[in-house]
Each structure stands twice: as structure tokens, then as C-alpha cells.
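Note that the coordinates shown come from a computational prediction; the quantities given were computed from them, not determined experimentally. Quick note on labels: first sequence line is chain A, next is B, and so on, each numbered from 1.
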Amino acid sequence: MGDWKRSHYCGDISAADIGREVCLMGWVQRRRDHGGLIFIDLRDREGISQLALDPDRDPAAHSKAEQVRNEFVLAARGVVSARPEGTVNAKMKTGEVEVEVRELRILNSAQTPPFMIDEFTEVAENIRLKHRYLDLRRAPLQRNLILRHLASKTVRRHLDDQGFIEIETPVLTKSTPEGARDYLVPSRVTPGTFFALPQSPQLFKQLLMVSGFDRYYQIVKCFRDEDLRADRQPEFTQIDCELSFVDRDQIIGIMESMIAEVFKATLNLEISLPMPRLSCAEAMTRFGVDNPDLRFDLELVELSNQVEKSGFKVFADVVAKGGIVKGLNAKGCSGLSRKEIDDLTEFVKIYGAKGLAYVKVQEDGSWQSPIAKFFTAEEIAAIDRALQAAPGDLLLFVADSFRIANESLGRLRGHLGNKLGLIGEGVYRFAWITDFPLLEWDQESRRHVAVHHPFTAPVEEDLALLDSDPGKVRAQAYDLVLNGSEIGGGSIRIHDQQTQKKMFSLLGIDAEEAEEKFGFLLSALEYGAPPHGGIAFGLDRLVMILTGSDSIRDVIAFPKTQKATCLLSGAPDQVDSKQLRELSIRTARPPQ
RNA sequence: GGGGCUGUAGUAGAGUCGGUUACAACGCCGGCCUGUCACGCCGGAGGUCGCGGGUUCGAGUCCCGUCAGCCCCGCCA
């Protein structure tokens, strides 16, 4: 660069700078060589400016420009000038002006990149990931990561304003039972033992409350060794918060105003507060899932009463055995083809449903359906009434256990919302989901498991039920759902040792194991633990929604593939046998 | 662990019923061009059809396996 100093970002020069001498540095987006005149579009993170090189005016700069290729790194000194009449480019932010280059320096050359650094070229994701540093040069990912920064910055400012203190917690910590599979790190100093990477800083932030920090937050990496999805990476970032001497509503109030500020700062959107709330039970009843997408209706209706005495054995038997029948009215969809309905049937089978019954409501209001013949006129009228059926509608039914009927039809609801175009662009619908059950019976392990986590406090008036009917106990837990995606969740925590011990025992963790795995927490609870609670938001998911991304990978600088590998660095990889010896590690199976 | 989709020049695609030398575009290289802006025109180079096996006189195409990427189920307190 010599003694040259950049004066402006490429995207930042405008008509106000006409006549000014500038120095730009950036990458060659494009060179247009007219034999005489050469134009170069120079790009940096803020945008693109056109360099004009005239052989008559500056022959030295012009001849240097002849060697330039895409993605070369240039420094250009010159004068901002108005483009001649008729050559203004209205599509460009800087399209009114150009830089008449007086001096040009090639700061670095570049190989032809494996794909074009532009917005027009679609590239397979494995190639993008292998050359991630080039993909990150492209405008969409630049935009996403800059917006992510803006979101983080807003969160920090808001929480600081609210008296939160940012405190770091260990990344090398202790593996504890419950929850996701841990990533483990062997200890060299204590052979045969392992650290775990945190699934969340849960216990440490509670200990910080015991320490009296009162309001803590951290934007922090968390690690879960589970299979990946479009919205799940093995390492992800949480906005992690914990507060003392507050109740659920205070936490919700602080957090929803934080989220509203993030929307204001990133999308310039006003979110109306307070955000709506739904009990978990109501969400299940109306939408079949505990993370409903509220951007469209298509509500589910339970029809067990209407069909339990019907001649349609599939429905009647399910109800007789304690299951339920639920229906949903796909308004105006009676025109769906047999193939399309078969596809919907396949869709619900993914979630364990055995089938999908359907009714097309004809012009005269009568049913066209394989199951119509099993129902009396009264039953048909009752079902029509419950579903508010009208000519042209398509009624869909699933009969199964409570869990499967709700989940399969609830997922189908989401699928139809997309397929039928019921979801408007730029619409954001929040809901706090509250009153989750504390515990859930797990068939496989024949025990109760925590719905949220083992440190969640029961609703006070349900405390007595802990002994008599633990499945009925509600938790002081809450999730924030946005457009059908869970973007955050938290709870009021247990702050007395006796309740915490009882909770462990309900989860089938005996006193000895509780002491071994969670002894440090149990001890801390004895030394004046304040009432406290908190929440954690998935920053990646939030930014995914803010940027309209289909994949979490598009909001993470260096993401992993579905097989949890990094195509850029080649991680994970074998290590030197000396490293393994030092760690007292021997592998049972060679890598394939 | 399971279900599904995809894989053809650097990139993204076409390739019919199995049949000659695998196409055109963008990019790349060379030439021409003094107001373009995803510049234009002319010419050129570039292929282990993911990999392995099988069927066949003959496979990019059919079959089996395998690898990789993606979507989903399970899993994710």
C-alpha cells in the first residue's frame, strides 16, 4: 500500500464528493475493457464504485488496469466526478459518480475463483463451504453477518441498560446427565477423565445468582453433539440471561422489549408489545404443536365427540381406546388432486399417523369422500359445524393417540400454510408459550424426564401434586415462539435444596448420583440462593428469521455440514499418535 | 439408525427409447473495440459424466453397492 491511506469505502462515495480526491481499496468485481477506456467495478463490504481509466488522461494507470483480473486487490487514487449525461446507472447506489483514476496500485493478484463473486450465480453448497472465505465475499452473506452483528450489539446495549452484567463462564466443564449428548475433551493432567463442552451455561449462571450478581448475561457458544438440521448446528450461540428477585412476567417484559429493539435496529420494524401469550395446552389444542406459526389460521379442531359413536370404525375405535380424532379445514382446497392428497397423507405418516382421512365439500354442501358412507347426516352436520365447512373446502382428519394426532396434523397445518401461500412476506408473529408441564413420561426409559430441564421450578400451587401426580405439575417455564420457530426458552429456577433434591429423585436420579453430578449446585443452594430465573435465546435462529434465511448456515461464518464436518478446514481429523499418548487415549476403531 | 432428493467442463444446466466425436450458456485464455456497468463482437482451450462393480455388441443413460452435499424422522433437558 506504500503510504496510501484509504479515504472512503467504495459504497460510500456519492454526488456530494464530486471534485474530491479519494483513495479506494477493494476487490475487482468486474473489468470492462473498451480497448480505449477501461471501467473497473471496485468492491468492498460497503458496496461498489466504478473506476474509470482513460488512456489519454493517465496512460500509466490505464496500462496497469489492462493486467487486472476479477478479484485482484487494488488501490486507486483519483477524483470523484459526475458521470457524463446519459451514463448514470440508476441501479447502483454510487451510480451517479465514478472515480477518474490518476494512480492505480495492484495490491495483490488473484486466481480465478471457483465461482463468481456475484449474486447471480447459484453454487452448490459443498463448493461454497469449501471456499467459504470466497462465499463470504458475496453480498448476501455479508449482509447476514453484518445484520447479526447489529442484533448482538442491540442485545448488549439493551441488557446493559437494564443493569445486566456480562460474565464469561467455563467452556471446559463437567458432563452432567440429562439433556443432549456432550462433546468431550480429554484431560491430559488427569488421565482418563474428561471435560464436557457446555450445552448451555445453565448451572454457572445460577451460581452467579447465588453470588449476588443479580442480573447476568452472555452471548455464548453452546455445544450439543446431536444430529444437524436446517436450523441446528453442533455449536451455536445463545443470548443467555439470568436474573434474581424477579417473577416470570418481569422476565418476559424485559426480554420482549429486547426482541422488539432488535427488530427496530435491524429491520426498522415496530413490534407491538406486550406479545401475545398462549398456554401450552391451548397451543396444542388449537395448533397441535407447542411452537405454532401464528401467521395464518387453519386451526385444528378436536372431533372425538362427534365421531365416537359413528360407524367409521377407524375413528370410533381410536376414541374408544383413549385416542383422539382431530380435523382441520383447508379452506377452498377441494380442488386438490388425488396425487396431492396422497402427498399430504405421506406427509402425516412421517410423524407416525397411520393415515389421513379427507372430505371434499361439494357445491351443494354434500361430502365427496371415501369415508362419507360411514356417517349419518347428523354426524356429518356436526362435523361440518365444528369445522365451519363450506362448499369448496377440504376437510382433513387424523385419528391417533393424543401426541401423534396433534403432531401430525399440526405439522400438516404448517406444511399447508406454506404450500397454500398463506404466509405473507415480512410478517412476524410472536407468542409466549407458558404453563408447560414440568415432567413428561418417557416410555423408553420408563421414567419421568424434565420437559424443560431439571432446575425448572414447579408452579407453586401445583407443588402438592409433586408426590401424588407428578405428570400434572405445571412448570414456571416459558418459550418465545416466532413464526413457528422456538427462538428462546427459560424458566424460574428451583432455589431451595429440598425441592431440587425432590426433582432429581422424580427424574430417577438417586441421592448418590445427584451428589456426584450436581453436588456443587446442591451445596450452593444451601448458602442463601436468591429466587431467580432466566432465559436463553438462540441467536442463530433469531438472525435466520431476521435475514429470511432458509438455513442456519447462512447466518454463521464458518458452519458445519450435516455430517458435522468443516469442508473448509477438514475438521474433524485424525491427530498425531503422540497427542493421543499424552492424553492416555486409544481409539477403538480406525477412521474409515 | 432410518426415509427422501441431488451428483455431467471452473460454475450452473441440457442430454429423448441404451447407439457416431457428450451439447449450448456463464466464467477462463487470445484478439478487436473510447461511455460501459451481469458491456459488445470474433476466435480458442477446457470432460475420470462422484467412485466401484454388474447387465449389454455397446452405459452419462439400466441394475447393485459406495461416497459426498442437502431435506426430513429418530435424537436435540
| Non-hydrogen side-chain atoms of A/Asp240 and A/Lys205 separated by less than 4.5 Å |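 When only atoms from C-beta onward are counted, A/Lys205 and A/Asp240 do touch, with a gap below 4.5 Å.
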Can you tell me how far [atom1] in [N] sits from the matching atom in [M], rounded to whole Å?
{"N": "B/C73", "M": "B/C28", "atom1": "C1'", "value": "44 Å"}
{"N": "B/U55", "M": "B/C63", "atom1": "C1'", "value": "7 Å"}
{"N": "B/A25", "M": "B/U61", "atom1": "P", "value": "26 Å"}

With a 3.5 Å cut-off and just heavy-atom distances, do the side chain of [X] and the base of [N] make a donor-acceptor pair?
{"X": "A/Arg32", "N": "B/C33", "value": "no"}
{"X": "A/Arg232", "N": "B/C76", "value": "yes"}
{"X": "A/Arg229", "N": "B/G74", "value": "yes"}
{"X": "A/Glu122", "N": "B/U11", "value": "no"}
{"X": "A/Arg83", "N": "B/C37", "value": "yes"}
{"X": "A/Asp227", "N": "B/G74", "value": "yes"}

Rounding to an integer number of Å, can you tell me how far [X] [atom1] sits from [N] [atom2]?
{"X": "A/Leu129", "N": "B/C70", "atom1": "CG", "atom2": "P", "result": "7 Å"}
{"X": "A/Asp135", "N": "B/A12", "atom1": "CG", "atom2": "C1'", "result": "15 Å"}
{"X": "A/Glu119", "N": "B/C37", "atom1": "CD", "atom2": "C1'", "result": "15 Å"}
{"X": "A/Glu407", "N": "B/C72", "atom1": "CD", "atom2": "C1'", "result": "12 Å"}
{"X": "A/Met116", "N": "B/A38", "atom1": "CE", "atom2": "C1'", "result": "7 Å"}
{"X": "A/Asp118", "N": "B/A38", "atom1": "CG", "atom2": "C1'", "result": "7 Å"}

| query | Looking at A/Gln206, A/His532, A/Glu242, which one forms a side-chain hydrogen bond (donor to acceptor under 3.5 Å, both in side chains) with A/Arg493? | reply |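 With A/Arg493 as partner, side-chain hydrogen bond (donor to acceptor under 3.5 Å, both in side chains) holds for just one option, A/Glu242.
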| task | Just compare B/C37, B/A12, B/G69 and give me whichever is closest to any side-chain atom of A/Asn126. | result | B/G69
| message | Can you tell me which nucleotide in B/C71, B/U11, B/C39 comes closest to the side chain of A/Thr121? | response | B/U11
| request: In plain terms, say whether A/Arg32 and A/Asp41 are close enough for a salt bridge, that is, a side-chain N and a carboxylate O under 4.0 Å apart. | output: yes
| said: Is a donor from one side chain sitting under 3.5 angstrom from an acceptor on the other, for A/Gln218 and A/Thr169? | reply: yes
| query | Do A/Thr121 and A/Asp118 have side-chain atoms, one donor and one acceptor, less than 3.5 Å apart? | reply | yes
